[in-house]
Each structure stands twice: as structure tokens, then as C-alpha cells.
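As the structure is a computational prediction, the values presented were derived from the model and not from experiment. Quick note on labels: first sequence line is chain A, next is B, and so on, each numbered from 1.
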Number of protein chains: 2
Amino acid sequence: MGRPSIKPQLIERTFKVFLARGYEGASVNDLVAAAGVPKGSFYNHFASKEALAVEHVRRYVADLELESLVESDASAFQALREHFERCIAARTATGLENGCLLGNFSTGVPTDCLELRAAVDEGFARWQGSVAAVLRRAQLQHELQPEIAADELASYLVGAFEGAIASARASGKPEHVTAFMDMTFEVVLPRMTPGDAPAAP
Amino acid sequence: MGRPSIKPQLIERTFKVFLARGYEGASVNDLVAAAGVPKGSFYNHFASKEALAVEHVRRYVADLELESLVESDASAFQALREHFERCIAARTATGLENGCLLGNFSTGVPTDCLELRAAVDEGFARWQGSVAAVLRRAQLQHELQPEIAADELASYLVGAFEGAIASARASGKPEHVTAFMDMTFEVVLPRMTPGDAPAAP
């Protein structure tokens, strides 16, 4: 094992390399150069580039603060709005042109990287599961119509968020992210509230 | 210039390499090996890997059959349903685990590949623009509430589709795609129909 201080340094300083270049675009040489550590030290701490990427996915999912989302005292829709606002602030802080690590890895990891793909899949499943838990609370509290499948809606909302981030990344236009928030919280979810449907014209 | 037959062969046989490995993961050596042409021939036909990738993006967007979508005689929502069904069939035919070329490139192309990013952005803009045109027809034909911003909803639907494909790719579960169709056509759009809002409980 190398010096204990090297491992956090390797993790801290390689996040942006993966984010900006993608999994395939980030070579071990790029990663150790960004971290400022010798290549040998890298392999003292991580068995492979894939193992470091898995560590980043776990940290990224932890940073989504899914506990705050699930345990929020706010109304369910308000808790979701605050959650996605936090996600957008975090993506904006690291540059919308870099997208979302989980989203980038979901499309950019080669099919044979099974461990990394499993970590990405587990991250999405935890995220969608937490959103679904809030949507089920919304149903109990009569904020969301009971007949709507909470798991499917959760998958839909997370997918729409990821799609908006990808469009914002591709186009350089943050309007896609604004459109996601407007559509979700001003159009889509309000029309799913019991007894609060807009009147016929 | 090389032999005319080489160029279509290079294009036909490299699509799956880009799809499965991503832009960064597909090297020129991989591409010429898959195409069965000498490396020198590659550069007779394409200035760079990026130029070939741009060609694939243009063909991919052409294969979305956006004219069929816009000119469909079906009701607007039915035309959209048929369009996304065609998209899902096409993605399934090339393997859901490979995702969507446009979506993969939207998250996986390095930020400094300006020409390719512009082609991806233009592809998304054409796709979203065609969906928006159908949504505006839906408004004229009283299928969609007139106060909804068609451009924002189009961006949202395309984003949700891309997110669902990415989740299906990451997880290996086609249920994410089914959830997209169910949510869009059974839950989200029906609640945006004028005078057809569900009654209060």
C-alpha cells in the first residue's frame, strides 16, 4: 500500500478528468498526471482505471443527497423540486458542458466493463427508488393521483432530467434544464394532482 | 481519392463500432479493421475520425424519419406514438445495450470536438423541432392544451426518451423504455388534453 494521503488525492483530482473526457477518453496517464502522482502509486491504490471510476460513481451517488430527498419535511413535490434544483446547481458548478458523471457513464462505458456498468445501474436504481419513495408519499398525502405508477414516474423524471442535461451539454444551452424544471413542476406534476385538474376550456 | 466503393463500405461497417464503443472508445485502427480497408484508404475518404462520426450523425438523424413524423395523417398523439415506437424498434434492432448514437455522442464526445458536437446539437434540434411541430398541430386540433409551450414539451419528451434509452442501456432492462411509452402516452399527454382532464375523486 502507498501513503494513505495519496488515495484521497487521486480521487479528488481525477473527478474532473472523467467528467470532461468520459471513461474511454480518460487514460491512466491522464489521471495520474492530473493527480500529480507517479503511475506506480495509482496501482498501489486501485486495481484498474475501472476500480477508480467505480469509486467516483459511489461518491457521486452519495453527493446526490438522496437521504435529504427522502427525509425532507417539505411537501413531496417541493422536496422533489429542491432535489432537482440541488442537482442542477451541482452540475452547473462543474460545468453544464461536462454533463452528469452518471449520465455520461450510462452511455459511455464499454459494454464489457461489467463492474462499472453495475455501479452505474445501482446508482440509477437508488436515485429512481428515492424519487419513487417521495412520489408514494405524495400519493399518501393526496398530492399525486393514486392510480399513477410511482416507479414508472420516477424512472421517467430521472430520465427526463438526464436527457435535459445531455441536451444542455450538447448544445451549450442551459435552457434545456430550465425547460425540464418548468415542464416537470408547472405542467406535468400539477396535472397529476387529485381534483386539481385544469378546467375544460 | 480512393475507390468510390470504399466510402460506403467504411460508413456501413463502422456504425456498430461507434455505437458499441463510443466516440472515444473507437480508434481509427478499430474502425479500419471493422471496415476491412487499409488505414491509408480511410484518410483518402475522411479527414479524421471526427469527420466520419459527423457523417454517422447525419445518417442517423435521416433514419429518424422526421418527415414521416411531421407529415403523418394520423392524429398528432398517434403520430408521436408511432414515431417513438419506430425509434424503439430501431434501437432494439441494434441492441438496447448499445443505446442511441445521438444520445451516446451527446454525453461522450470530448468538449473540444466542436464539429461533431455541432452535428449532435443540430440533430437534437431537428428532432425536437419536428416533435414541436406535431405538438403545435395537436394544439390546433384541440388535442393538446393551447397554453403548453410546445418547444419545451418537445425537448422534455425527447429528453425523457433519451434518458429511458440510457437507463435501459445501463441496466440491461427494456422496462425503462416501456415505462417511457406508458408514462408519455397513458399518463402525461392524456392529462394535457383540453376538457379531458380526469375528474376530481
(request) Carefully, step by step, assess B:Asn98 and B:Asn104 under the rule side-chain contact (heavy atoms from CB on, under 4.5 Å). (result) CA-CA 9 Å; B:Asn98 291 318; B:Asn104 295 358; 5.6 Å; no
Pick whichever of [options] has the most heavy-atom pairs under 4.5 Å with chain A.
options	result
B:Thr184, B:Val188, B:Ile165, B:Asp151	B:Thr184
B:Thr178, B:Leu153, B:Val187, B:Leu157	B:Leu153
B:Ser171, B:Pro146, B:Gly22	B:Ser171
B:Val120, B:Val158, B:Ile148	B:Ile148
B:Gly163, B:Ala149, B:Gly172, B:Gly159	B:Gly159

(message) For A:Ser27 and A:Asp30, which I'm curious about, is there any donor-acceptor pair between the side chains at under 3.5 Å?
(response)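 Yes, a side-chain donor-acceptor pair sits under 3.5 Å.
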(message) Both conditions, 6.0 Å and 45 degrees, for the charged tip of A:Lys7 above the ring of A:Phe46: are they met here?
(response) yes
(request) Output the residues of residues 61-85 of chain A for which the shortest heavy-atom distance to chain B is under 4.5 Å, in residue-number order; output 'none' if no such residue exists. (result) none
(request) Write out, in numerical order, the residues from residues 87-97 of chain A with a heavy atom short of 4.5 Å from a heavy atom in chain B. (result)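 The residues closer than 4.5 Å to chain B, in numerical order, are A:Glu97.
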(message) Going by side chain to side chain donor-acceptor pair (under 3.5 Å), name the residues that satisfy it together with B:Glu175, two or more places apart in sequence or in a different chain.
(response)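 So B:Glu175 forms no side chain to side chain donor-acceptor pair (under 3.5 Å) with any residue.
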(request) Calculate, to the nearest 0.5 Å, the distance between atoms CZ and CE belonging to A:Arg191 and B:Met192 respectively. (result)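 The CE atom of B:Met192 is 6.0 Å from CZ of A:Arg191, to the nearest 0.5 Å.
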(request) For each of A:Gly25, A:Gly99, A:Ala20, tally heavy-atom pairs with chain B at distances under 4.5 Å, and name the one with the top tally. (result) A:Gly25
(message) Heavy-atom pairs under 4.5 Å with chain B: which of A:Glu152, A:His142, A:Glu162 has the most?
(response)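 Most heavy-atom pairs under 4.5 Å with chain B: A:Glu152.
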Engaged part of [X] at the chain B interface, taking heavy atoms whose separation is under 4.5 Å:
X	answer
A:Ser167	side chain
A:Arg169	both
A:Gln128	side chain

(request) Examine distances only and state if a side-chain atom of B:Thr193 and a backbone atom of B:Glu143 form a donor-acceptor pair shorter than 3.5 Å. (result) yes
(message) Going by the rule ring pair (Phe, Tyr, Trp, His ring centres under 6.0 Å), which residues pair with B:Phe15 if we only count those two or more places apart in sequence or in a different chain?
(response) B:His56
(request) Please name the pair of heavy atoms, one in B:Cys113 and one in B:Tyr23, separated by the smallest distance, quoted to 0.1 Å. (result)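 Heavy atoms of B:Cys113 and B:Tyr23 come nearest at SG-CE2, 3.8 Å.
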(message) Using every non-hydrogen atom in the two residues, find where A:Ala53 and A:Phe105 come nearest and quote the distance to one decimal.
(response)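 Scanning both residues, the minimum pair turns out to be CB-CE2, 4.0 Å.
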(request) Give the intermediate values and the outcome of side-chain contact (heavy atoms from CB on, under 4.5 Å) for residues A:Arg136 and A:Gln139. (result) CA-CA 5 Å; A:Arg136 279 191 289 272; A:Gln139 289 176 319; 4.0 Å; yes
(request) Given side-chain contact (heavy atoms from CB on, under 4.5 Å), test A:Asp182 with B:Tyr156 step by step and report yes or no. (result) CA-CA 10 Å; A:Asp182 287 351; B:Tyr156 196 79; over 6 Å; no
(message) Contact between B:Trp127 and B:Phe161 at the side-chain level, heavy atoms closer than 4.5 Å - yes or no?
(response) yes
(request) For the pair A:Arg117 and A:Glu50, find out whether any cationic side-chain nitrogen is under 4.0 Å from an anionic carboxylate oxygen. (result) no
(request) Starting from the C-alpha separation in whole Å, work towards a yes-or-no answer on side-chain contact (heavy atoms from CB on, under 4.5 Å) for A:Phe124 and B:His176. (result) CA-CA 11 Å; A:Phe124 271 117; B:His176 290 285; over 6 Å; no
